Each structure stands twice: as structure tokens, then as C-alpha cells.
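Worksheet: one structure, shown below.
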Amino acid sequence: MIQKPRGTIDIMPEEMPYWYKIEQTAREVSALYGFSELRFPTFENTELFARGVGDTTDVVQKEMYTFTDREGRSLTLRPEGTAGVARAIIENGRCSDAMPLKLFYIINCFRYEKPQAGRSREFFQYGAELFGSDSAAADATMIALAKSVIEGIGITGAKLHINSIGCPSCRPEYHAKLREFFASNEDKLCPTCRERLKTNPLRILDCKNEACKRLTEGAPKTIDCLCEPCAGHFESLKGLLAASGIGYTVDTTIVRGLDYYTHTVFEFISDKIGAQSTICGGGRYDGLIKQLGGPALPGIGFAMGITRLILAMKASGVELESGIKPRLYIAPMGEAAQIAALSITSELRGAGINAECDIVGRSLKAQMKYADKIGAQYTLIIGDAELESRRAILKNMETGEQSEIGVRDIDALRRLLG
RNA sequence: GUGGGUGUAGCUCAGAUGGUUAGAGCGUCAGGUUGUGGCCCUGAAGGCCGUGGGUUCGAUUCCCAUCACUCACCCCA
């Protein structure tokens, strides 16, 4: 047997109602907020991610599905959506549209990681991006959109965490302060954090190691080292959230792993779905468009992992009915009846009524069992006797009641079932 | 990439200090009066006991490796 590749998932029919619910809610709520849907390539030139996401990030360094095509071009399966959207709006000249430009997408992404609960190599996300505003009001709008979607699909108990990681003008100073703070305790840090001290000290704050956690107490926080504009932006955001009644906690450990983030970063976290608890992650990326060769255009966006949303929905007690139940099952006996059954089925379907009939050639008893199993509301029995008398037997499967109805009386059936 | 757990029928799981025909429940299919479901009864199909090596007279059972699933680290959605 050939198995599916590691880290991929099959989504069987029983699961589809959850996907429909999320996709439908995402589209409706996005539209409500004035966002338009777009689609873009599953693979891009590798350079897009190297430059956009950042070639020092884990995602780019060790998690991308990169391959060479027949012409020797280096291509990469998208590991996230923002870089593709940014490229698309630059390439399609939308940076000169009326601002803000508000877009959303529902896509699959690929990352070569070791699978676990809430994490797979092909994963799916709903994301939204807002370009052309560097105002905190834009941040608040994005957070409100994310919250509406999360609540709209029935997830309860998700917590909003926000932080500001500064901008290119205040970050170097912050890194220096962090290095200074940890310098005396360098030997007590875990090996990875000792490395982080040199490369990206910001990440030490995110370490799960107990010893490191203790050492981070009292460490300088990004929000204490923000430059004037950054601090002002963060204060405005907090004010706007409070004014809209959106609860939040300032979480100085949120450190996004994608280089393009600046200023505001945020996550919605569910504590009921295992270790991969971030169901929505996002932030501001004011330098990205320029970095990719476009104009200096600020932006902010987020993405939500759809399978994680489903885990959170189920943990929140959301139960969705699966399966399509026919209104009528037609049980023919004999060849003549089979012909009649097929044509009645077809006419009912044409009238928008879900009807089924036997196409396996089962006995009447087996057909009744089958009709019961698939949840048919009515069964219409047609045999030679019924063709003769032109009166078929209609059985209500719930009550067991039987009555007669004209064999070809489609109108009567439509009245009953429509 | 690192670590823990698991791998027996479609599903959920038993099982034997290593010994000849590997079990149950559910599900599927067929019957239980000649044209009728849900309950009940009977029967059938369906497993090289994840794969490859090793130890052994003999391995599904013990050992090793490998693959897959799973949880966690890491990272992130």
C-alpha cells in the first residue's frame, strides 16, 4: 500500500462540516469588514521567501520545501501567505489603489517540520492583510476581525495576547540591553539560548526551559525600550482595544519568528488544544513591501491555522452534523420498476429534491435496511403490483406509516417533500 | 533535528513463559416465509499480528533496525 506523505492529512466527509463552517464564516466576516478574497501561487520563487520572511529565520533555513524545476529555477512551496500576497499586490500594481487595501485568503501552506498535535507539513490557513495604514486603528481593526471570526465559529475562551517588538530604529538598542542583562548569567542559560544571545537575544524571552525562564525575570522588555513613536503606537492600540471592549493581556514573551514583523504583534491562544496553542498569529510588517521592491507601504495581517481552529471548536463543544440525508429513497423490485425508479429519482433531483434509488440490485429487505441507514425520510416502494395498479407504497421511515401515492405522481411527491 | 509512547481484521481493542486452525465487540454482506428498516438470532467475508533483519528446531510473541502514527521539545498557524 502506498501511504500518504508524512505530515499530510486526509480530510474525510465527516470532518467537512467544520471546514465549511470556518470557510463560510471567514468569508462572511471578512466581507463584513470590507476585505476581498484573493488567490495566489502555491509555489513562488525561493527568493521571495528568503527576502520577505527573512533568510535567518528557522522557517527559511530549515523548513521550506524547495526544489529546482526543469529549467533550473529554485522554487519553494509557500511556507506562509503574507509574502505571496505582498508580491501579488506589488506585481499587480495595487499599491497605488485607494488605501487601505484589505485582502484575505484561504490557502494551504507547507513546512518541513516534525508533525504533532496542531502541526502538519501541509497545513491550511485563513489569513487577512491590511495595507496602507500605519495607524493603531488599523491594528485594532485587524484584531477585531480575527476575534469576530474566532467567536463566529464558536470558539470560546481564546485569549488575546499583544506585544510590541519595536521597529528598526529601536530594536538594535534593545538587543544591546538584553545582551548586557544576560551577560553575567550566560553560563546558566541553556545551550540554544547561549547561541541566541549572539544571534537574536529576543528569542531567549520565549524559551520554555525552566532555568532560562527564571533568568528572564527582570529582563528588559521590548515595551520598555521602545522609541517614542513605537511606544505611542502601542499605547494608542491599548486604548482602542479597551474602548472597543476587547480584552487583552500584554505578553512580553510573544516574539514572532518571521523577520518582517515590526511594532505590534499579537496572538489568540487556546489552552485546550495541546502544545500548539496559537490559533491565530499576526502583527505589523511596515517594512515588507519596500523590502520586496514595492513602495514604502505599511501593512498588518494575521493568519489562523484551520486545523487548530477545528481542534479549538471541538474543545469548545461545537458539534456539527455531518452527512447528507435523502428526503426519499425509492425501492424498486424488478426491471420495469427499476426503470421507473430511475426516472422518478431524476425528476425529483431536477426539482431540487434529494432522492435516491437502488442501483445495486438489492432485495427489498436489504433496501429498507439501507434506506434506514442513510437516514431517508421516506421510502417509495415500487414492484410489479404497483406498476399494474399505478399506486406505489409510500412509507414514512420515522413513524412507519404507509400510504399510497400515484406511481408517476411527481407533483404529489414534490408537494410532500419540497 | 532531539526525546517519550504506540503499531494484531474497515473501527475500538483482547491475546499467548516463543509451538501447529490468532479472537471479541462494532461495522460490512447474506439469511431468519414467498415484497418492507430500526430490536433479536444465524452465517459469511475480511489479518503474511507495520516492514526488514537477528536469536531459535520454531517468532505475531524476545532482540535490533527501519517506517508510520502519536505526544512533547524546537518553531509556528
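As the structure is a prediction and not an experimental result, all values here were calculated from the model. Letters A, B, ... are given to chains in the order of the sequence lines, protein chains preceding strands, and every chain is numbered from 1. When reading the values below, keep in mind they use all heavy atoms of this one structure, side chains included, and skip hydrogens, waters and symmetry mates.
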Closest nucleotide among B/rA77, B/rG35, B/rG37 to the A/Lys395 side chain: B/rG37

Consecutive Watson-Crick or G-U pairs in runs of at least 3, all under 3.5 Å, in which RNA chain B is involved: B:1-7 with B:67-73, B:10-13 with B:23-26, B:28-32 with B:40-44, B:50-54 with B:62-66

Phosphate contact (B/rU36 OP1 or OP2) by A/Gln367 side-chain N/O below 4.0 Å: no

Can you give me the N/O atom pairs linking the protein to nucleotides 43-47 of chain B at distances under 3.5 Å, or say none if there are none?
none

5' precedence on RNA chain B between A/Lys114 and A/Leu364 (nearest-nucleotide basis): A/Lys114

Sub-3.5 Å pairs of nitrogen or oxygen atoms, protein against nucleotides 26-31 of chain B:
residue: B/rU28; atom: OP1; partner: A/Lys373; partner atom: NZ; Å: 3.2
residue: B/rC29; atom: OP1; partner: A/Arg362; partner atom: NH1; Å: 3.1
residue: B/rC29; atom: OP2; partner: A/Lys373; partner atom: NZ; Å: 3.0

Among B/rC73, B/rC76, B/rG35, the nucleotide that comes nearest once only the side chain of A/Met333 is considered: B/rG35

Options B/rA77, B/rC73, B/rG37, nucleotide nearest the side-chain atoms of A/Ala303: B/rA77

ring-ring contact (aromatic ring centres under 6.0 Å, His included) partners of residues 363-418 of chain A, not counting sequence neighbours, each pair once: A/Tyr329-A/Tyr370

Please tabulate, one pair per line, each protein N/O and nucleotide N/O from nucleotides 66-69 of chain B that are separated by under 3.5 Å, including the distance.
residue: B/rC69; atom: OP2; partner: A/Arg6; partner atom: NE; Å: 2.9

A/Phe35 and A/Phe104: CA distance, side-chain angles, deciding distance, ring pair (Phe, Tyr, Trp, His ring centres under 6.0 Å) verdict: CA-CA 6 Å; A/Phe35 286 68; A/Phe104 79 96; 7.5 Å; no

Under-3.5 Å donor-acceptor pair between A/Glu398 side chain and B/rG38 base: no

Please tabulate the protein-to-nucleotide N/O contacts below 3.5 Å involving nucleotides 10-12 of chain B, giving atom names and distances.
none

